[in-house]
Participant: 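Before anything else, here's the structure in question.
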Amino acid sequence: MSSALVFLGWNHRATPLDLRERLAFSPERAREALEGLFREKVFSEGVIISTCNRAEIYGVTELEDGLTPLSRFLARFHGVEESLLLSTALSGRGEVTVRHLFEVASGLDSMVLGEAQILGQVREAHRRATEARTARTVTNRLFQAALECGKRVRTETELGSKPTSVPGIALSLTGRIFESLAGCRVLLLGAGETVELTASLLVDAGVSDLLFCNRSPEKAAALAAQANGRTLPWDDRVSAFAHVDIVLSATGSQEPVVRAEAVKKLLAHHSRRGPLLVLDLAVPRDIEPEVGDLPDVYRYDLDALGALARKNTAERQGEVPKARSIVDESVRKYEEWLLGLSHVDVVRGLRGKLEELRLAELERYSSKLGKLGPGDRELVERITESLVAKILHGPTVGLKEGDPSERLERAAAVRSLFRLDRLDGEKK
Amino acid sequence: MALLPSSLASATALGYVALVCYAISTGFYGAYLRKPRPIFGRAATGLAAAGATLNLVALYARSAVLHSVPYRDLVGSMALLGFFLAVISLLLEIRHRDRSLGPYLMPVVFLFLLVALRVPAAKSPPAPELKGVIFALHVTLNMLAYAALAVACALSALYLVAGHALKGGKSLTTGGAASRLPSLRYLERANRTSLGVGVLASTCGFLLGVSWAWRVWRPDHPSWAFDPKIISVALILAFYWAVLVRAHRGAAPSTTARLSVLGFGLVIVSYTAINLFVSRLHTFYR
């Protein structure tokens, strides 16, 4: 009976959020599930990846149709109808499994194409499975190869190099204007959810001087108390442009709350050092676009940030073929390694290696052996052949013993100890 | 010092080795700008440092062979200026842990040394009056000033390019070479610092030069103060002081950047055209 690499999973593409929430695995639940699968002999190796966008289980099974008992087990484990699970599941055997995991690790299967967090999540899933000893020869190598593939895609392509979310783009532009947010003075206009969220992000990024300015001063004061900032009277909002580094505006006003003419007049009479970044996140806009025409004032609104997000997404799409070719290459390498672990292949490799050594030694002593008579030479030939056969007997039997994972572990050990991979490479 | 080259030809050869180091360093800085791999960055910095060291050794060896200061002629002056530029570039890199200036400064260093190695050397030894501490300080401080003002010019140009890219409207991007430029605030601050160093060094160098000229030129040339070189330097210095004071009072950084580029353009004119073709007294390099 041969073992196979399989996967079964639910991701953002085919599974609605409420079902994904029910199928999510906490680290403890993942361990529990894998232990159950081992107990019921569905898997001999396994790793579970569980993020907010996917719950996927990878493993080695010896069963002819390993996916059916796996889905049955998971339906029981999560208390979800099996038919519902199967109708939304993604699954695969052999190369399909390898390719899927490599695409996941590369960010090709992510909701936001090329996002970086998934690589860390795959690494974490592998770490937990290694700790729980559920990841063994095949899955260990599979996940190591997936991480390597993900890293290559990240460094050799531009798939994840440009941000595609509005906050990510705003942050990227901020980094191009100020070397660090620490020490920046920020004026926040408005007191809604956007301002509140941004204020907490800014505090996390090291900004310590936040000025809150809102039509109703009570709301501004509440936010200032929360973020350890200060308040500014609404009427002083324009004059503050002379001594802040960043202005972020997100009021609910139907009219612009900052006029270009007022800022122009202010900057003509008040000198200010350094560039000024203006982020207008309100709809309709709070700050007149002409403010961006003033020297050293860099103004961006949701339109500009959104356009950049779309542009970057399109550029990421353009990198997909490059990323896929890296995935193809990584899959091919992994498959070659996996095929090399088959019993026949390892024994054949080992036999070839020993035979090669035997012939080399005979060749080395050929001048001395030449002095022997034909009968003696024949005897030496037979002795060395018998020696090789006896050495091979132990590993040949041993490679067939134990459960599938033990057999694969031994095969990998033999290949590594006898340098069979190197031999294969040289032959190629 | 036994290892130093003992002939002018070998000192020049050493200068060419420094030039090659600068050229390869420029290539690595360019590669680093496109793809910021640490190996490219380290190679660029290492080669720039090697180039600067060889540049200095070549200058020293040349001085030893000629028994003269390195800046006795245009060859030495340009090579010394290249050396100061490389040093300032490396210091900024180490100080700010940022290699993004290298791709722009190192080609300038390369050009200065290339010109220094290509122009003919002075045939006659320097006049005896060109020796002495005051003259040496005058030249050294001016070289430092030129290097600092050149860096300020490069920083200003980068500020204008980066600012333009950020205002780019439809062409605005979050990636590409523009995103690897230093931040605007860093460029603005580094520009002010370089301008400050350049203006102070230049002022001191100018005053020392005036004191030397008063002693050496005045007896034979009573109207020495009206030499075009002296007038042009005084005007350029006044211009730079105005730019610096405005910058410290909070002038728009883009205006300071434009004026800094213009100022360095004037420095080049004064250093080359006026020095070589207009000045009557400041003619040491002919």
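Residue numbers begin at 1 in each chain, while the letters A, B, ... track the order of the sequences. The analysis underlying the following values was restricted to heavy atoms, covering all of them including side chains, and did not include hydrogens, waters or symmetry mates.
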Participant: Within this structure, what is the CZ-CG distance for the pair A:R176 and B:L166, rounded to the nearest 0.5 Å?
Facilitator: 4.5 Å
Participant: Side chains of A:I177 and B:S183: closer than 4.5 Å at any heavy-atom pair?
Facilitator: no
Participant: Restricting to ring-ring contact (aromatic ring centres under 6.0 Å, His included), what partner residues turn up for B:F84, sequence neighbours left out?
Facilitator: none
Participant: Counting only heavy atoms not in A:E148 (residues, nucleotides, ligands), do more than 12 fall under 6.0 Å from its CD?
Facilitator: no
Participant: By side chain to side chain donor-acceptor pair (under 3.5 Å), which residues pair with B:R99, not counting sequence neighbours?
Facilitator: B:T45, B:E93
Participant: Is it the side chain or the backbone of A:D293 that comes within 4.5 Å of chain B heavy atoms, both, or neither?
Facilitator: backbone
Participant: If you count the non-hydrogen atoms of other residues, nucleotides and ligands that lie under 6.0 Å from NZ in A:K322, is the total more than 12?
Facilitator: yes
Participant: Drop me the distance from B:R185's CZ to A:S180's OG, to the nearest 0.5 angstrom.
Facilitator: 7.0 Å
Participant: State whether the side chain of B:K167 and the backbone N or O of A:V297 hold a donor-acceptor pair below 3.5 Å, judged by distance alone.
Facilitator: yes
Participant: Roughly how far, to the nearest 0.5 Å, is CG of B:L184 from CG of A:D296?
Facilitator: 8.0 Å
Participant: What part of A:L294 gets within 4.5 angstrom of chain B, counting heavy atoms only: side chain, backbone, both, or neither?
Facilitator: backbone
Participant: Strictly by side-chain hydrogen bond (donor to acceptor under 3.5 Å, both in side chains), give each pair with a member in residues 105-116 of chain B just once, sequence neighbours left out.
Facilitator: none
Participant: Going by residue number, which parts of residues 234-253 of chain B are within reach of chain A, meaning a heavy-atom gap below 4.5 Å?
Facilitator: B:A247, B:H248, B:R249, B:G250, B:A251, B:A252, B:P253
